[in-house]
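Values below: every heavy atom of this structure, side chains too, minus hydrogens, waters and symmetry copies.
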Amino acid sequence: MTDATWISVDEARDAGRVGEQVELRGWVRTRRDSKGGFSFIELNDGSCFGNVQIIADQSLPNYEADILTLSVGSSIVASGELKASQGKGQSTELAASSLRVLGDAPADYPLQKKRHSFEKLREWAHLRPRTNSFGAVTRLRNRLAYSVHQFFQEKGFYYVNTPIITASDCEGAGQMFRVTTLPIEKIAGSGGKVDYSRDFFGKSSYLTVSGQLEAEIYATSLGRCYTFGPTFRAENSNTTRHLSEFWMIEPEAAFFDLQDNMRLAEEFIKALLTDVLQDCQEDMAFFDQRIQPGIIESLESVRDTPFKHLTYTEAVEILEACGESFEFPVSWGADLQAEHERFLTEKHFAGPVILYNYPKSIKPFYMRCNDDGKTVAAMDVLVPGVGEIVGGSQREERLDVLLERMKELGLSEEEYWWYVDLRKFGSVPHSGFGLGFERVVQWTTGMTNIRDCIPFPRTPGSAEF
Ligand code: 4AD
Ligand code: MG
């Protein structure tokens with residue numbers, strides 16, 4: 001063996017390394033044999049979007065046995081000298097002095113050169129990260145996750161892990177997955193009532209729909225915190241924007257009012273865009289060329305333009321007057337549908353919009369009641385292409401108002417005793433929001449379906465892998 005150093009394809013594409021003896025390890029994307037007695041192999045190892053070309057000469061001892069039979073998808077180790085490339089679109093290439101096959105990929109390897117639809121690739125979630133598109137989405141998602149932590153850490157927010165199993169339905173929408181160890185086969189046959197006091201946790205428990213209520217505990221102790229974890233919703237919506245398991249970032253800050261909350265959300269979203277536009281240029285160029293033409297320019301414009309703010313009431317007035325024919329009617333008091341939100345952000349304002357002060361009848365119990373008696377201090381951020389990306393609010397910090405609201409909604413004070421306690425002991429105004437992580441990935445990559453923005457999507461009827 002030579003004393004070649006193992007480096008990534010990303011490192012090998014750096015012209016500054018020309019002349020070094022290096023070793024590359026990865027998967028074969030293509031092979032082309034030249035009549036002149038050598039082969040070109042495109043190698044990718046996931047470290048970046050692009051490949052490195054390896055030139056394997058017939059003088060290699062295993063040229064006929066291994067290289068002329070080398071198939072797409074095989075894993076190899078190649079070493080040799082890194083040279084300046086003559087070919088266009090690449091700065092370096094490897095002149096192989098040795099090439100070893102680690103794992104062959106027979107002819108039934110599904111990802112042959114022909115393009116596959118994203119629907120088809122979802123059936124091969126174990127192989128799709130080897131494609132250009134999913135490699136790029138995965139790297140972008142990774143950069144966004146890193147940015148989330150960078151942004152909040154720099155602002156003095158503490159990262160708090162909230163429970164995945166919980167007994168409370170934060171959003172009150174009743175879309176919870178039950179967690180149980182009770183023998184449901186037996187119970188189903190008995191036709192009787194289920195005694196959940198005999199269940200594992202001694203009460204009904206579920207997968208969480210949001211870490212907010214627990215985040216409030218930490219915000220009203222440490223001042224500022226954020227969660228970043230998986231959340232689960234058993235809603236039967238087969239749309240391109242819903243998952244049953246999705247990741248959410250939920251900052252929560254004491255002494256923040258709704259205005260502070262909206263400012264934080266805007267600054268946060270812009271920081272995420274700044275980072276991916278700056279650090280994922282090769283992947284972004286691919287999304288711009290192949291997935292959604294114009295995406296870079298559109299994200300740059302969002303990054304550089306102040307978000308539009310308007311109240312729910314103003315939004316309803318615009319929608320009622322716009323003359324557009326919607327599937328769902330618009331009227332004050334009704335929840336806005338995706339089509340309404342998209343009209344506002346895509347057509348009317350052609351940019352991000354923050355809607356605030358929603359009717360209290362369509363919002364959860366914890367939102368702060370406004371003086372008008374009809375609305376709550378809620379806010380949603382809507383962006384073109386995706387619609388709602390953030391939902392948040394100022395929380396009700398007044399004990400009497402909270403208890404009154406819970407009574408109205410039939411929530412039991414005993415069950416939420418600890419949440420109520422926060423209002424009894426040193427209550428403070430506080431606010432927070434939730435950003436749907438996959439929706440950000442969907443927005444910034446331009447991918448059409450949110451199922452292609454998470455490695456292993458869970459949706460109604462589908463939990464493979
Ligand atoms: O608006 P939501 O339901 O708000 C909450 O859960 C609050 N507790 C957040 C808070 O104030 N701390 O959800 C927040 C965001 C939505 O704006 C959306 O981006 C995303 O989570 N989201 C989903 N993403 C994918 N699939 C689903 N089924 C989603 N439901 C919500
Ligand atoms: Mg919402």
Side-chain angles (χ1 to χ4, degrees), residues 162-180 196 201 203-217 219-220 227 229-237 239 241-246 248-252 258 261 312 333-338 341 355-370 373-381 388 390-423 427 430-436 439 460:
T162 50
I164 288 170
I165 299 175
T166 174
S168 35
D169 181 1
C170 173
E171 295 304 299
Q175 299 165 331
M176 316 263 282
F177 287 100
R178 180 179 292 285
V179 174
T180 182
Y196 286 107
F201 297 106
K203 54 156 86 170
S204 275
S205 1
Y206 309 90
L207 295 180
T208 188
V209 297
S210 158
Q212 176 197 322
L213 302 187
E214 292 88 354
E216 285 187 49
I217 297 177
T220 53
T227 72
T231 50
F232 308 85
R233 297 199 184 174
E235 50 188 332
N236 202 2
S237 22
T239 78
R241 306 176 320 131
H242 287 89
L243 291 163
S244 311
E245 175 179 299
F246 63 97
M248 191 164 29
I249 297 114
E250 295 185 273
E252 189 71 36
L258 190 67
N261 205 25
Y312 165 91
D335 212 353
L336 297 182
Q337 301 295 322
E341 296 177 340
L355 297 188
Y356 63 100
N357 290 350
Y358 280 75
K360 82 173 177 185
S361 56
I362 55 170
K363 290 293 182 185
F365 77 99
Y366 55 72
M367 295 189 177
R368 192 177 196 280
C369 293
N370 289 326
K374 294 188 303 191
T375 62
V376 287
M379 63 109 175
D380 275 8
V381 181
E388 180 192 338
V390 158
S393 63
Q394 183 168 344
R395 321 306 188 188
E396 184 54 76
E397 86 285 11
R398 296 161 298 185
L399 179 64
D400 52 337
V401 184
L402 180 70
L403 290 176
E404 185 55 37
R405 187 84 183 107
M406 287 175 64
K407 205 161 89 258
E408 263 171 43
L409 293 169
L411 297 178
S412 121
E413 204 182 314
E414 289 85 72
E415 247 174 75
Y416 290 88
W417 66 274
W418 48 271
Y419 191 75
V420 171
D421 262 9
L422 301 180
R423 278 75 185 162
S427 189
H430 61 286
S431 302
F433 61 82
L435 174 79
R439 293 217 178 149

Undergrad: Which atom pair, heavy atoms only, marks the closest approach of S210 to R233?
TA: CB-NH2, 4.4 Å
Undergrad: Quick check: does any side chain N or O of E250 sit under 3.5 Å from a backbone N or O of G211, one acting as donor and the other as acceptor?
TA: yes
Undergrad: Is there side-chain contact between T375 and N370, with at least one heavy-atom pair below 4.5 Å?
TA: yes
Undergrad: Can you tell me how far the CG atom of L258 sits from the CG atom of N357, to the nearest 0.5 Å?
TA: 6.5 Å
Undergrad: Rounded to the nearest 0.5 Å, what separation is found between the CD atom of E214 and the OG1 atom of T227?
TA: 9.5 Å
Undergrad: Side chains of L207 and M176, heavy atoms from C-beta outward: is any pair under 4.5 Å?
TA: no
Undergrad: Check whether any side-chain heavy atom of P359 lies under 4.5 Å from a side-chain heavy atom of Y312, and answer yes or no.
TA: yes
Undergrad: Kindly give the heavy-atom pair with the smallest separation between R241 and A338, and that separation in Å.
TA: NH2-CB, 3.6 Å
Undergrad: Ignoring hydrogens and angles, tell me if any N or O in the side chain of S168 forms a donor-acceptor pair with the backbone of C170 under 3.5 Å.
TA: no
Undergrad: Taking the side chain as everything from C-beta on, heavy atoms only, tell me whether R398 gets closer than 4.5 Å to R423.
TA: no
Undergrad: When rounded to the nearest 0.5 angstrom, what distance separates CD in E408 from OG in S361?
TA: 10.5 Å
Undergrad: Under 3.5 Å, is there a donor-acceptor pair between the S237 and T239 side chains?
TA: no
Undergrad: Can you measure from NZ (K363) to CG (L409) and round to the nearest 0.5 angstrom?
TA: 13.5 Å
Undergrad: Taking the side chain as every heavy atom from C-beta outward, state whether F433 and S393 have any pair of such atoms under 4.5 Å apart.
TA: no
Undergrad: Is it true that Y206 and F177 have ring centroids separated by less than 6.0 Å?
TA: no
Undergrad: For G392 and M367, work out which heavy atoms get closest and say how close.
TA: O-CE, 4.1 Å
Undergrad: Tell me if a side-chain donor or acceptor on S427 pairs with a main-chain N or O of E397 at a distance below 3.5 Å.
TA: yes
Undergrad: With side chains defined as the heavy atoms from C-beta onward, is the minimum distance between V390 and D380 less than 4.5 Å?
TA: no
Undergrad: Can you confirm whether the side chains of Q212 and E216 place a donor and an acceptor under 3.5 Å from each other?
TA: yes
Undergrad: Between V420 and M406, is there a side-chain heavy-atom distance shorter than 4.5 Å?
TA: yes
Undergrad: For R395 and Y419, does a side-chain donor sit closer than 3.5 Å to a side-chain acceptor?
TA: no
Undergrad: Take V209 and T231 through the test side-chain contact (heavy atoms from CB on, under 4.5 Å) and record every step on the way to the result.
TA: CA-CA 5 Å; V209 297; T231 50; 5.7 Å; no
Undergrad: Quick check against the 3.5 Å criterion: does D169 have a side-chain atom that pairs as donor or acceptor with the backbone of G174?
TA: yes
Undergrad: With side chain to side chain contact (heavy atoms under 4.5 Å, CB included) as the test, pick out the partner of N261 among E252, Q394, M379.
TA: M379
Undergrad: Has the side chain of E396 got a donor or acceptor atom that lies under 3.5 Å from a matching backbone atom of C369?
TA: yes
Undergrad: Considering only heavy atoms from C-beta outward, does the side chain of T208 approach that of I165 to under 4.5 Å?
TA: no
Undergrad: Quick one: CZ on F365 to NZ on K407, what's the gap to the nearest 0.5 Å?
TA: 16.0 Å
Undergrad: Scan side-chain atoms only and decide if Y366 and E171 contain a donor-acceptor pair under the 3.5 Å cut-off.
TA: yes
Undergrad: Are side-chain N/O atoms of S205 and R178 paired as donor and acceptor at under 3.5 Å?
TA: no
Undergrad: CG of L336 to CD1 of I362: how many Å apart, nearest 0.5 Å?
TA: 6.5 Å
Undergrad: Strictly distance-based, threshold 3.5 Å: is any side-chain N or O of R368 a donor or acceptor partner for the main-chain N or O of V376?
TA: no
